[in-house]
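In what follows, a single structure is set out as structure tokens and then discussed.
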Amino acid sequence: MDFTPSPLHVLIILTAISPILAYVSRKFRLECVMDVYSVIGLAVVFYFAIIQMLNVTFQGSALTLTGLREGTASIILIDKLSAYVTFVFVLVGLASALFSVGYIRERKTEYYPLLLTMITGMVGVASSGDFVTFFIFWEMMSLSAYVLVAFRYKSWEAVEASLKYLIISSAGTAAILFALSLMYGIAGTLNMNLLSTVFGFQDMAGKVWSYVILALLLAGLGVNAAIVPFHTWLPDAHPAAPSPISAMLSGVVIKTGIYAMFRVLAVIFPSAIYNWGIALALYAAITMTVGNLMAMLQEDIKRLLAFSSIAHIGYIVFGISLATVNGLAGSLLHVLNHASMKGLLFLSAGAFIHATGTRNLDELSGVGRKMPISGTTFAIGAFSLAGIPGLSAFVSEFQIITASLEAGMLPFTIIMVLNVLISVAYYLRVIQIIFLKPLTSVSEKAHEVSPLMLIPVVALAGLGVCIGIYPSPFLEMTKAIAGSLLAH
Amino acid sequence: MMMNYLLFISVLLPLLASPFTYLLGRHSWTYGAILCHISCLIPFLIILYHAPIIMAGKQLYETYSWIPAFGLNLNFMLDSLSYPFALLISLMGFLASVYSHRYMEHENKLEVYYPLLQIFQTGMMGVVLSWNLFMLYIFWEIMLIPSYFLIAYWGTGNPRLIGFKYFIFTHAGALCMLLGIAWLNSMFGSMDMSLLLENVPRSYEIHRMSLLGVATLIFIGAAVKMAVFPFHTWLPDAHAEAPTPISVLLSGVMIKTGAYAFSRLILDLMPAAVSEMSAWLMPLAVVTMLWGGLMALVQNDVKRLLAYSSISQMGYILFGLSSLIPIGASGGLFHVLNHGFAKGLLFMCAGALIHEVKERDLTKLGGLASKMPVTAITMLVAGLSIAGTPPLGGFASEWMVFSGAFASGATLLTAIAIFVTAITAAYYLRMIRAIFFLELKYKEVKEVPISMLFSMSILLLLVITLGFINAPILSIIGRAVSGQIGI
């Protein structure tokens with residue numbers, strides 16, 4: 001078999017070496033080695049991720065690595081969807097790692113191995129072709145996420161948030177595991193392709209167990225993706241983590257749940273048979289409304305961004321619930337747009353926090369005038385997620401809105417449009433505070449952060465403008481992926 | 001036969017020049033300002049140059065490929081409906097830019113002010129020239145963001161709160177319009193105006209309920225911009241507290257894009273829907289003009305008075321357009337020009353007072369006619385024009401609106417509308433008296449600088465001449481209207 005290195009291979013090797021390198025570099029007091037190692041390593045992975053995405057998308061070849069025994073073997077399967085989300089995960093991962101170089105000052109030797117483990121877990125989740133492999137990578141990602149939330153273990157807030165995250169998320173994982181065991185009991189396999197042939201028939205729709213499995217999976221994945229009412233851990237955990245980790249958590253970690261929903265809902269339990277569309281749309285509507293309304297009330301900049309993530313998960317789930325090519329394409333594009341823009345917002349907010357030492361919006365007032373570059377990039381991210389045309393998130397939101405009108409879900413569309421309006425209100429409020437309000441004693445002392453930290457921020461903002469102005473290639477790609485999912 | 005890229009330039013030149021304006025402005029704001037004037041002048045010259053072509057009944061169309069996935073091209077169209085709007089926007093943009101030069105000279109951050117002004121200008125030009133509803137929406141929002149910053153940073157009073165209100169109201173309207181556009185797109189599979197113009201009127205009977213929904217949504221979007229009665233509350237705050245050159249653009253030009261959206265998206269695409277809706281559109285228009293007029297009567301702040309007067313005048317425009325009689329609709333479109341020029345001029349005069357006397361309260365001003373004779377005359381003429389005094393421009397268009405409304409059979413409503421012109425005359429004469437007559441309270445006042453007078457005198461000339469030399473522009477408007485309503 002012709003072996004081309006996939007990003008997963010490189011990541012596994014990088015992660016496996018990193019603790020040894022960390023140990024050595026701490027011995028010799030050369031912790032900056034870890035900076036260089038992680039950033040360069042992730043840059044290489046990012047390169048491979050792009051190559052892989054182009055290969056898989058345009059040559060249509062799904063890579064499969066499998067063991068000998070069909071049915072129970074561990075499978076790595078990389079199709080269009082996997083390659084696409086891998087690209088998104090590694091993009092935000094690279095940006096966060098680059099930002100961490102300037103932001104994380106202490107215990108780098110513990111930080112980077114954990115970050116690499118988390119990225120490996122996510123990419124592994126996206127590349128698994130069977131649910132055992134999926135579950136192992138899922139736990140790898142989750143465990144490192146718990147530890148990273150509590151990275152500053154001396155602050156009580158971080159430890160409490162991490163514990164809450166651990167407990168709620170473990171309950172979700174238990175639900176997933178139970179669903180997997182039921183599926184194995186019924187189908188005798190956890191291979192995703194085989195499962196879709198077992199559950200994709202009309203006569204399975206009458207069985208109670210099919211719905212139990214579906215409900216358990218949705219609940220478990222819903223905890224990870226922070227769908228209301230499983231969202232309560234998110235607004236604590238995301239602000240408590242260091243800013244680059246917040247960017248990872250809010251940008252991409254919650255998207256692994258979304259990725260799994262694409263697999264489970266679009267492929268294994270197709271809407272045409274199980275008819276989950278309206279139920280899921282209802283959850284989506286509640287999720288976006290709760291997220292947006294709560295975001296309006298926040299005084300802490302990172303908590304506001306965290307609630308906004310919940311709202312955007314609502315938009316994405318709404319797109320999935322339409323179960324049409326256009327709806328899924330809109331959701332997939334919104335996965336990329338929200339990941340890059342929310343990553344950008346958390347990193348820019350991290351720059352403010354780095355410069356002022358506070359997360360309180362009142363104290364941050366006027367900071368954008370002192371830090372023009374990170375202030376401007378923050379404004380680009382905020383306007384983008386507020387759905388202002390010419391920036392990336394508008395394109396995907398428009399796609400979702402059009403698709404929902406085509407699917408004849410006018411009431412839900414109106415709810416979504418109202419939600420977009422609410423999101424404009426709170427993002428505008430933040431922009432006003434950052435740019436137009438008078439300086440406080442705290443924000444007066446702020447200075448622009450180092451150029452190294454500005455690189456990822458400016459690059460992500462550039463991506464947001466690019467997709468906003470010229471979305472065609474991205475839309476074409478997501479439509480192709482959505483088409484391939486529904487063709488199963 | 002025609003040179004290419006001209007419309008592209010006239011829409012996007014200010015936007016493309018804005019980064020250079022910023023960079024030059026950081027060196028010295030005067031250079032940035034001069035670049036801004038030039039980049040706003042060129043589109044006006046381009047539009048003016050095409051007057052003979054449009055009058056001959058031709059159109060100017062350009063297309064550039066943009067997002068094939070949405071079926072989107074970057075299309076620009078200059079036809080007889082968009083021509084008056086484009087002319088108004090490009091001229092007022094240039095004059096407001098020149099006016100800002102001296103008016104804003106003592107403000108902070110002018111290196112940001114002029115680029116924002118340019119982006120604002122691009123947004124407005126783009127709305128009236130784009131031939132694709134998606135593009136129209138994008139420009140609609142490009143118009144909103146810079147104007148928000150212009151109000152919230154350089155405004156007076158409590159600018160952040162007012163800017164916030166302005167943004168949320170307008171954006172809510174814009175989202176309604178977006179929903180309408182997306183709905184049209186999901187029904188007809190295209191957002192290109194040419195295709196929609198072909199398909200929508202034909203299939204009105206089939207999709208009647210959906211199209212009525214679309215028309216209502218788009219109307220709400222346009223009505224917020226036009227400040228039609230229940231949606232008007234953002235306007236008096238925003239227009240009164242914005243820096244004066246921006247008030248000129250907001251009140252003189254930007255709210256007219258609502259009238260454009262109404263006539264382009266609703267009258268052009270769904271005239272049948274308008275005739276079903278006109279039973280409540282016309283009373284709404286009359287309520288708007290009455291409400292704006294009555295509120296203007298009791299204001300003591302010059303700019304707030306002018307802002308309420310804008311609401312009232314937008315009522316006339318909507319009244320004329322929704323009468324669905326060719327002369328009434330032409331009058332509505334012609335009033336767009338007359339009100340735009342006159343209201344811009346009035347705001348410039350108010351700015352002259354703020355610049356020279358540093359006072360905008362009617363009860364504290366007085367007797368300035370001898371000190372500022374030019375300002376006094378221009379303000380009087382512009383006020384009289386809006387109040388419908390012959391032979392000024394406002395008289396011609398209001399006459400047409402009333403004739404059309406009578407012909408449509410709404411006698412009572414028209415009678416009220418005519419009565420409102422008396423209110424208009426009352427508040428303008430009260431304003432003139434309070435500012436320029438009575439006892440003189442300021443000794444050390446002189447006339448405004450020459451660059452501000454330049455902008456004012458051009459508008460004064462237009463306000464007077466449009467009253468009797470209006471055949472060319474009326475021929476263009478007449479063609480636009482006959483395309484919509486058909487005679």
(request) I would like to know whether F134(B) and F398(A) meet side chain to side chain contact (heavy atoms under 4.5 Å, CB included); could you show each step before the answer? (result) CA-CA 10 Å; F134(B) 191 78; F398(A) 185 76; 3.5 Å; yes
[X] and [Y]: which non-hydrogen atoms are nearest, and at how many Å?
X       : Y       : result
L436(A) : A152(B) : CD1-CB, 3.4 Å
I138(B) : P389(A) : CG1-CB, 3.5 Å
A386(A) : H171(B) : O-NE2, 4.4 Å
I388(A) : E141(B) : CD1-OE2, 4.2 Å

Please round to the nearest 0.5 Å and tell me the distance separating atom [atom1] of [X] and atom [atom2] of [Y].
X       : Y       : atom1 : atom2 : result
I431(A) : I145(B) : CD1   : CD1   : 8.5 Å
Q432(A) : F149(B) : CD    : CZ    : 8.5 Å
N185(B) : I401(A) : CG    : CD1   : 12.0 Å

(request) Fit a plane to each ring of F394(A) and Y137(B), take the angle between them on a 0 to 90° scale, and name the class: parallel (under 30°), tilted (30 to 60°) or perpendicular (over 60°). (result)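 Taking Y137(B) first and then F394(A), their aromatic rings lie parallel (interplane angle under 30°).
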(request) Check the angle between the aromatic planes of F383(A) and F167(B) and answer parallel, tilted or perpendicular using the 30° and 60° thresholds. (result)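 F383(A) vs F167(B) ring planes: parallel.
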(message) Within residues 7-19 of chain B, which residues come under 4.5 Å of chain A, heavy atom to heavy atom?
(response)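 The list, in residue order, is empty: none.
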(request) Can you tell which part of L144(B) gets under 4.5 Å to a heavy atom of chain A, answering side chain, backbone, both or neither? (result)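 Neither part, no heavy atoms under 4.5 Å.
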(request) Can you establish whether the number of heavy atoms outside Y204(B) located under 6.0 Å from its atom OH is more than 12? (result)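 Yes, because the 6.0 Å sphere around OH of Y204(B) holds more than 12 heavy atoms from other groups.
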(message) Quick check on the interface: out of F164(B), Y153(B), W183(B), who has the most heavy-atom pairs with chain A under 4.5 Å?
(response)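 Answer, by heavy-atom pair count under 4.5 Å with chain A: F164(B).
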(request) Determine which residues belonging to residues 408-429 of chain A lie within contact range of chain B, meaning some heavy atom pair is under 4.5 Å apart, and list them by number or answer 'none'. (result)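 Contacts with chain B: L410(A), T413(A), I414(A), V417(A), V420(A), L421(A), V424(A), A425(A), L428(A), R429(A).
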